[in-house]
Amino acid sequence: MPAPKPKLNPQQQAAVEYTDGPLLVLAGAGSGKTRVITEKLAFLIREQGLSPDRIAAITFTNKAAKEMRQRANKLIKKTKTPLQVSTFHALGWRMLRQHADSAGFRPGISILDETESSRLLKDLLPANTPPEQLKLCRGQISRWKNAACSSTQAQSLAESPGEAKLAEVFLAYREQLKRINAVDFDDLISIPLELLGHDDVRAEWQEKLRYLLVDEYQDTNTTQYQLLRQLVGQHGGLTAVGDDDQSIYGWRGAEPQNLSLLGQDYPNLKVIKLEQNYRCSGKILAAANQVIANNPHEHSKTLWSALGAGDDIRVVPCVDGEDEVRRIVGELDRRTQRGAKLQDFSILYRSHHLARPFERALREAGLRYEVTGGQSFFDRAEIRDLMAYLRLLVNPDDNSAFLRVINTPRRELGNTSINRLADFAKQHQCSLFDATTDDRCRHSFPARQRASLDHFARLIMSATDDGDPLRAIHDLIEQLNYREWLRDQADNPAQADKRVSAVNEWLGWLERVTQSLQEATLEELSAQINLLSNLDNDQQQDDAIRLMTLHAAKGLEFAHVYLIGVEEGLLPHQNSLEEGDDQEERRLMYVGITRARHSLNISYAGKRLRYGEAQRCEPSRFLEELPQEGIYWYGRDDSRDHQRHEQARDDQLSNLKALLES
């Protein structure tokens, strides 16, 4: 029989039961914030009598939403109404679908991912626009959307001809999305916010959602904050849970000052602090508290733990990057040989390139590891291409898949051709693929483009599985000459081999998935692929050392943490130093420290290879912010240890002499 859960502490209980107005819960690292949210969700239903569909619990990732939903369902066993637990984007998608007509869209809206939207944007820019400029352009449009800035406002605020041109591209991009009945991920927040500007829509949703529970509030951007503000209205049914000390996503628009705005928007805001940490030992918490105290705070808090002082934090200077790898991997090898589990260890870093030498050394040592925070296999362009083809085979009405593959490989169908298809599809209320097969649309194209469309349509319609979906997929890849096209597009032979190898690996994976299916059809195979690929980032080996960036580590914990590369230019990162702002970098250091439960090892190198040359490194400024007590500095403290050892030996000899003389 499992042990009963410990009771909520007084602050947690107060946060759960407070419903007299808007509430901000400042939840420090490891303070049990997820439990507070799920317990409050249950409290609102059981004690306050709210129907589950009148409450929305909102977070940032599918993984966090899934965990929250599972926990809440265990607490609320008798309700038949499903809980409304979702990400911000899922809530926005729900609103957009319900009010598609008001937003100027037709049913069957496609959601474009980053690659697909970049491809659409590329067609609006001058030919041969460098990839880095395309990335900058897309980033600026994303920032405008996340700041609730319309294309018209962007044009009026332009301070130079270049900015004005960029605003024109923004306007053209939005018009093109409307034309093909598609949105990007930023639109899933910005368009619902526009919809809430209509009195009737706002009143409907404020009545529909009587209480909002929002996790990771410090990570909200401007549009997300305003969306919540409109949904909550004046009745104040809001509990926001967040930690300004863990706001580490400024690069994607997060505004930690949104915590402060709550107090301005809701003068009756109640603030409850969760300061008891259930994860870390005392010395680790003391270090975290002292480092983060160097950042300004509107609401200060000091974490404490009842878990005991624990081991000293070790700070290890290394000769160079290779010395750092050798020391840590050697120690991991020794500790695991003595029976420690691999899954208890994590190596954390600010920049992903630091992981590569560790990967090589761990392989050579025969230690299993898993890298988190890099590119998922299913995010590779070639894999996304093939998955889009499969989706289109199963569902020709999938406009998003159509847009991804209509020019992959290239078929000389540019923006003008896509617009013509989109206009016809809009006029006749059909999918883009149906437009390619309609004679009224086909004959409006010049002979060359019409031939390309006909070939594409035949390719899709002829790819039937005949009871063997794998053969259909293999045949499609061959008819596309896809491998040859990948080789032609590659920058070098090594890149070409890597891409073709990924295609072959995907096909091998499909074969294993097919063997596990009772009904092997294209439709069933496609469904399984979507389920499994969406879980890809959540899958972990049962027993493996985890390597990850500090950004990816947020929300996780490990028994033993190795925080590497704690040097000026790495942590804090050089980009932040050049901008004159190290506060978010200090929060990253705080996140890294508070991932450790029992032991923390911090290391830095005297020099590292950069661009093929050994360059001198300086220890991070954050190391000097660590407390004097509870830290063991290798090299700095070794001489004192030797003196203490010599003094202890002399004392023992004196005691022995005194004993013999007596």
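Computed over heavy atoms, backbone and side chain alike; hydrogens, waters and symmetry mates excluded.
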(message) If you count every heavy atom of other residues, nucleotides or ligands that lies below 6.0 Å from Lys208 atom NZ, does the total exceed 12?
(response) yes

(message) Applying side-chain contact (heavy atoms from CB on, under 4.5 Å) to Leu195 and Ser102, what does each step give before you reach the verdict?
(response) CA-CA 8 Å; Leu195 286 167; Ser102 298; 3.9 Å; yes

(message) A side-chain contact here means heavy atoms from C-beta on lying under 4.5 Å apart; do Glu557 and Tyr278 qualify?
(response) no

(message) Do Leu563 and Met589 have side chains that approach each other closer than 4.5 Å (heavy atoms only, starting at C-beta)?
(response) yes

(message) With side-chain contact (heavy atoms from CB on, under 4.5 Å) as the criterion, how do His560 and Arg597 come out once you've worked through the C-alpha distance, each side chain's angles and the decisive distance to 0.1 Å?
(response) CA-CA 7 Å; His560 312 289; Arg597 294 200 303 269; over 6 Å; no

(message) Salt bridge or not between Arg71 and Glu39? Use side-chain N to carboxylate O under 4.0 Å.
(response) no

(message) I need the minimum non-hydrogen distance between Asn221 and Asn258, along with the two atoms involved.
(response) O-ND2, 3.5 Å

(request) Could you grab the distance from atom OH of Tyr173 to atom CD1 of Ile141, nearest 0.5 Å is fine? (result) 6.5 Å

(message) Strictly distance-based, threshold 3.5 Å: is any side-chain N or O of Arg69 a donor or acceptor partner for the main-chain N or O of Val85?
(response) yes

(request) Determine, for Lys301 against Asp244, whether the closest basic-nitrogen to carboxylate-oxygen distance falls under 4.0 angstrom. (result) yes

(request) Would you indicate whether the side-chain heavy atoms of Asn146 and Ile189 approach each other to under 4.5 Å? (result) no

(message) Do Lys33 and Glu216 have side chains that approach each other closer than 4.5 Å (heavy atoms only, starting at C-beta)?
(response) yes

(message) For a quick check under 3.5 Å, do Arg279 and Thr594 share a side-chain donor-acceptor pair by atom type?
(response) no

(request) For the residue pair Tyr217 and Tyr225, categorise the inter-ring angle as parallel (less than 30°), tilted (30 to 60°) or perpendicular (more than 60°). (result) perpendicular

(request) Mark yes or no for whether Lys40, through its side chain, and Tyr18, through its backbone, hold a donor-acceptor pair below 3.5 Å. (result) yes

(request) Could you tell me whether the side chain of Arg350 and the main chain of His573 form a donor-acceptor pair under 3.5 Å? (result) no

(message) I'd like to know whether Val16 forms a side-chain contact (heavy atoms from CB on, under 4.5 Å) with Glu47, so could you lay out the CA-CA distance, the side-chain angles of the two residues, the decisive distance to 0.1 Å, and finally the verdict.
(response) CA-CA 11 Å; Val16 167; Glu47 307 299 328; over 6 Å; no

(message) As an exercise, state the distance from CZ of Phe558 to OG of Ser599, rounded to the nearest 0.5 Å.
(response) 12.5 Å

(request) Grab the two heavy atoms, one from Ala154 and one from Cys149, that are nearest each other, plus how far apart they are. (result) N-SG, 3.7 Å

(message) Closer than 3.5 angstrom, by distance alone: can the side chain of Asn294 be matched with the main-chain N or O of Val291 as a donor-acceptor pair?
(response) yes

(message) Quick check: do Trp304 and Gln276 have side-chain heavy atoms less than 4.5 Å from each other?
(response) yes

(request) Keeping the roles fixed (side chain from Arg586, backbone from Phe622), state whether a donor-acceptor pair exists under 3.5 Å. (result) no

(message) Check the orientation of Phe60 and Phe88. Use parallel for under 30°, tilted for 30 to 60°, and perpendicular for over 60°.
(response) tilted

(message) Restricting to non-hydrogen atoms, name the atom on Lys554 and the atom on Asp219 that form the minimum distance, rounded to 0.1 Å.
(response) NZ-OD2, 3.5 Å

(message) Closer than 3.5 angstrom, by distance alone: can the side chain of Glu275 be matched with the main-chain N or O of Thr302 as a donor-acceptor pair?
(response) yes

(request) Could you tell me the separation between the CD atom of Glu194 and the OG atom of Ser150, rounded to the nearest 0.5 Å? (result) 7.5 Å

(request) Assess whether side-chain contact (heavy atoms from CB on, under 4.5 Å) is satisfied between Val36 and Thr239, documenting all intermediate values. (result) CA-CA 10 Å; Val36 167; Thr239 291; 5.9 Å; no

(request) Please report the closest heavy-atom contact between Ala148 and Leu193, naming both atoms and the distance. (result) CB-CD2, 4.0 Å

(request) Establish, from distance only, whether the side-chain atoms of Gln98 and Glu204 form a donor-acceptor pair under 3.5 Å. (result) yes

(message) Whether the side chain of His198 engages the backbone of Asp200 through a donor-acceptor N/O pair (distance < 3.5 Å, no angle test) should be reported.
(response) no

(message) Nearest 0.5 angstrom please: Leu26 CG to Leu259 CG, how far?
(response) 6.5 Å

(request) State whether a side-chain donor-acceptor pair under 3.5 Å links Tyr590 with Gln246. (result) no

(request) Taking the side chain as every heavy atom from C-beta outward, state whether Ile292 and His297 have any pair of such atoms under 4.5 Å apart. (result) yes

(request) Measure the CZ-CG distance between Phe345 and Leu547 for me, rounded to the nearest 0.5 Å. (result) 13.0 Å

(message) Please find the pair of heavy atoms, one from Leu83 and one from Pro52, that lie closest to each other, and give the distance.
(response) CD2-CB, 3.8 Å

(request) State, to 0.1 Å, how close Ser31 and Gln12 come at their nearest heavy-atom pair, and which atoms those are. (result) O-NE2, 3.0 Å

(message) Treating Ser305 as the side-chain partner and Cys280 as the backbone partner, does any N or O pair qualify as donor plus acceptor under 3.5 Å?
(response) yes

(message) What's the separation between atom CG in Leu307 and atom CG in Leu285, rounded to the nearest 0.5 Å?
(response) 8.0 Å

(request) Look at the side chain of Tyr349 and the backbone N and O of Met548, then say whether any donor-acceptor pair between them is shorter than 3.5 Å. (result) yes

(message) If we ignore hydrogens and angles and just use 3.5 Å, is the side chain of Gln583 paired with the main-chain N or O of Asn295 as donor and acceptor?
(response) no

(message) For Asp101, is the CG atom crowded, meaning more than 12 foreign heavy atoms sit under 6.0 Å from it?
(response) no

(message) If you define the side chain from C-beta out and look only at heavy atoms, does anything of Gln48 sit under 4.5 Å from Phe43?
(response) yes

(message) Using side-chain heavy atoms (C-beta onward) and a distance below 4.5 Å, is Lys145 in contact with Asp184?
(response) yes

